[in-house]
2 protein chains.
Amino acid sequence: MRSGRPRAFDVDEALRSALKVFWSKGYEGASMADLTEAMGINRPSLYAAFGNKEDLFMRALDLYVQGFHSAGSGFAEEPTAYRAIEAFLRSTALLCSGPSTPRGCLLVQGALAVGDSSESVREALAARRAAVLDALTQRVQRGVEDGDLPADTDVTDLAQYVMVTNNGLAVQAAGGATRDELFRCIDIAMRAWPTAR
Amino acid sequence: MRSGRPRAFDVDEALRSALKVFWSKGYEGASMADLTEAMGINRPSLYAAFGNKEDLFMRALDLYVQGFHSAGSGFAEEPTAYRAIEAFLRSTALLCSGPSTPRGCLLVQGALAVGDSSESVREALAARRAAVLDALTQRVQRGVEDGDLPADTDVTDLAQYVMVTNNGLAVQAAGGATRDELFRCIDIAMRAWPTAR
DNA sequence: AGTACATTATATCGATCGGTACAGAAGTCG
DNA sequence: CGACTTCTGTACCGATCGATATAATGTACT
């Protein structure tokens with residue numbers, strides 16, 4: 001065991017608490033006072049364990065993407081592109097309307113309405129969203145290759161449409177839309193899906 | 001003419017400058033220093049002319065909705081529901097990707113990622129978005145009555161789908177999507193439109 | 001000219017922001 | 001038992017937040 005006074009809190013649990021604060025208030029909207037209160041620790045403990053506010057956010061962002069966001073789950077493994085995208089959107093709807101998590105999507109919350117001080121945070125979020133778009137594009141591309149999408153499908157445009165729907169769902173969820181309402185929107189959105197020839 | 005020293009700036013022009021700042025940075029992301037600099041006036045002049053930061057934002061919000069946002073333009077007067085909604089979405093895409101205005105939509109920018117201090121601002125934005133949704137719902141409803149939508153169309157769900165697309169377009173635009181990309185997303189989104197019987 | 005009055009600019013207010021110095025407390029080592 | 005190391009709690013740092021007190025400036029009315 002390491003010498004010195006042992007830590008009186010669980011780092012992972014504190015990080016989960018921090019994630020919830022960032023999730024609901026965004027990067028700049030979450031103050032250190034908010035964070036330390038939610039995490040149940042003092043300020044110096046936070047800085048010793050996580051560095052600074054930006055480092056803490058990056059850690060929370062990793063946890064969010066790997067542990068919560070649908071791009072991390074196996075949506076791409078659904079048998080057809082249609083079912084994969086539908087699963088992706090449904091997963092987003094579930095995540096954004098969870099009863100025990102904040103409404104909306106962290107990747108979208110922090111993307112907008114940000115001051116000058118957090119350029120690197122905005123870039124990190126943009127990179128994460130780009131990664132999601134890339135995963136969607138690859139799955140759509142595979143759908144073309146598998147023959148469950150027309151050969152002349154513009155995979156970039158179609159993936160971006162899915163991304164638009166995803167972001168729109170996140171905003172509506174943050175605005176108070178219910179889980180059922182989001183699901184019915186997905187049902188409509190999937191009607192835009194190209195039919196296989 | 002009113003007695004006393006005349007104002008050295010144009011109120012409407014200053015308000016337009018303030019709108020641009022709020023539009024790009026959101027309510028909390030825009031500091032009074034940002035605003036006064038963009039407006040070209042000193043702090044006391046701002047407070048004398050507009051009250052406080054929240055009052056200024058509400059004035060800017062009015063200007064945005066009445067002067068910029070597509071819900072204020074005559075999208076509803078297009079002959080069919082399809083063409084009305086398409087016009088609405090295209091108008092959103094144009095607004096969110098304008099070369100001389102900030103990217104994205106003020107109603108969406110400020111809706112998310114907000115601290116505790118601006119509850120009333122969030123409510124005002126939610127009310128504006130609700131008004132847009134209501135206008136969409138009414139136009140869809142008229143489409144059902146006109147017969148260019150099936151009689152069993154769920155107008156609420158369809159309007160909410162349009163709202164989701166609208167919000168998604170705004171987020172993608174804020175993230176850097178080009179005007180053409182947005183337009184192609186709209187082309188795909190409109191494929192979900194119900195066909196008249 | 002002189003008074004009244006609204007706007008201007010400077011300088012500053014208390015509160016809060018993210019971030020830390022410092023001393024005491026709680027462990028492992030010898 | 002100390003010596004050493006790491007964490008905890010308090011109290012505080014300079015910077016910035018939104019908002020103002022105060023006094024100088026410029027216009028209209030008498």
Side-chain angles (χ1 to χ4, degrees), chain A residues 1-15 17-19 21-22 24-61 110 113-122 124, chain B residues 1-15 17-19 21-22 24-61 110 113-122 124:
Chain A
M1 178 178 181
R2 220 166 72 235
S3 72
R5 179 171 176 173
R7 203 170 256 140
F9 64 95
D10 182 66
V11 174
D12 291 335
E13 189 180 331
L15 187 60
S17 300
L19 169 58
V21 178
F22 283 127
S24 62
K25 300 191 175 186
Y27 175 68
E28 288 188 323
S31 70
M32 296 305 292
D34 294 331
L35 291 164
T36 53
E37 187 190 6
M39 299 164 84
I41 64 178
N42 314 87
R43 221 168 288 213
S45 300
L46 190 157
Y47 279 91
F50 298 102
N52 59 17
K53 186 184 180 183
E54 184 179 322
D55 294 335
L56 174 62
F57 181 82
M58 297 300 184
R59 293 270 306 264
L61 182 56
V114 95
D116 307 309
S117 64
S118 40
E119 200 69 31
S120 54
V121 167
R122 175 160 39 191
Chain B
M1 178 175 179
R2 225 168 67 236
S3 72
R5 178 171 177 174
R7 200 170 260 140
F9 63 96
D10 182 64
V11 175
D12 290 335
E13 188 180 331
L15 186 60
S17 300
L19 169 58
V21 178
F22 282 128
S24 62
K25 300 190 175 188
Y27 176 68
E28 290 188 321
S31 69
M32 296 306 291
D34 294 330
L35 291 164
T36 52
E37 187 190 5
M39 299 164 83
I41 63 177
N42 315 85
R43 221 166 289 211
S45 299
L46 190 156
Y47 280 91
F50 298 101
N52 58 17
K53 186 184 180 182
E54 184 179 323
D55 294 336
L56 174 61
F57 181 83
M58 297 300 185
R59 292 272 303 267
L61 182 56
V114 95
D116 307 309
S117 63
S118 41
E119 200 68 31
S120 55
V121 167
R122 176 161 39 192

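So you know, we letter chains A, B, ... as the sequences are listed, proteins then strands, and number each from 1.
Classification of the Phe22(B)-Tyr27(B) ring pair by plane angle, with boundaries at 30° and 60°, yields parallel.
The heavy-atom pair separating Ala60(B) from Leu19(B) by the smallest distance is O-CD1, 3.7 Å. Taking each heavy atom of Phe50(A) and Asp55(A) in turn, the nearest pair found is O-CB, 3.1 Å. Heavy-atom minimum distance, Arg59(A) versus Ala49(A): NH1-O, 4.3 Å. Annotation for Gly29(B) and Asp34(B): closest pair O-OD2, 3.8 Å, computed over non-hydrogen atoms. The heavy-atom pair separating Glu54(A) from Val121(A) by the smallest distance is CG-CG2, 4.1 Å.
In this structure, the CG atom of Leu46(A) is 15 Å from the C1' atom of dC17(C), given to the nearest Å. Atom P of nucleotide dT20(D) and atom CD1 of Ile41(B) are separated by 15 Å, given to the nearest angstrom. Atom CG in Leu35(A) sits roughly 15 Å away from atom C1' in dT16(C) (whole-Å rounding).
Here Ser45(A) reaches the OP1 or OP2 of dT8(D): one of its side-chain N or O atoms lies under 4.0 Å away.
The stretch residues 5-14 of chain A comes close to DNA chain C through Arg5(A), Pro6(A), each having a heavy atom under 4.0 Å from the strand.
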Is there any protein nitrogen or oxygen under 3.5 Å from a nitrogen or oxygen in nucleotides 13-18 of chain D, and what are the pairs?
residue, atom, partner, partner atom, Å
dG18(D), OP1, Ala30(B), O, 3.3
dG18(D), OP1, Lys53(B), NZ, 2.7
dG18(D), OP2, Met32(B), N, 2.7
dG18(D), N7, Arg43(B), NH1, 3.3

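Within the 4.5 Å cutoff, the side chain of Leu35(B) has no heavy atoms near those of the Ile41(B) side chain.
Of the possible donor and acceptor atoms, none in the side chain of Lys25(B) sits under 3.5 Å from a partner among the backbone N and O of Ser31(B).
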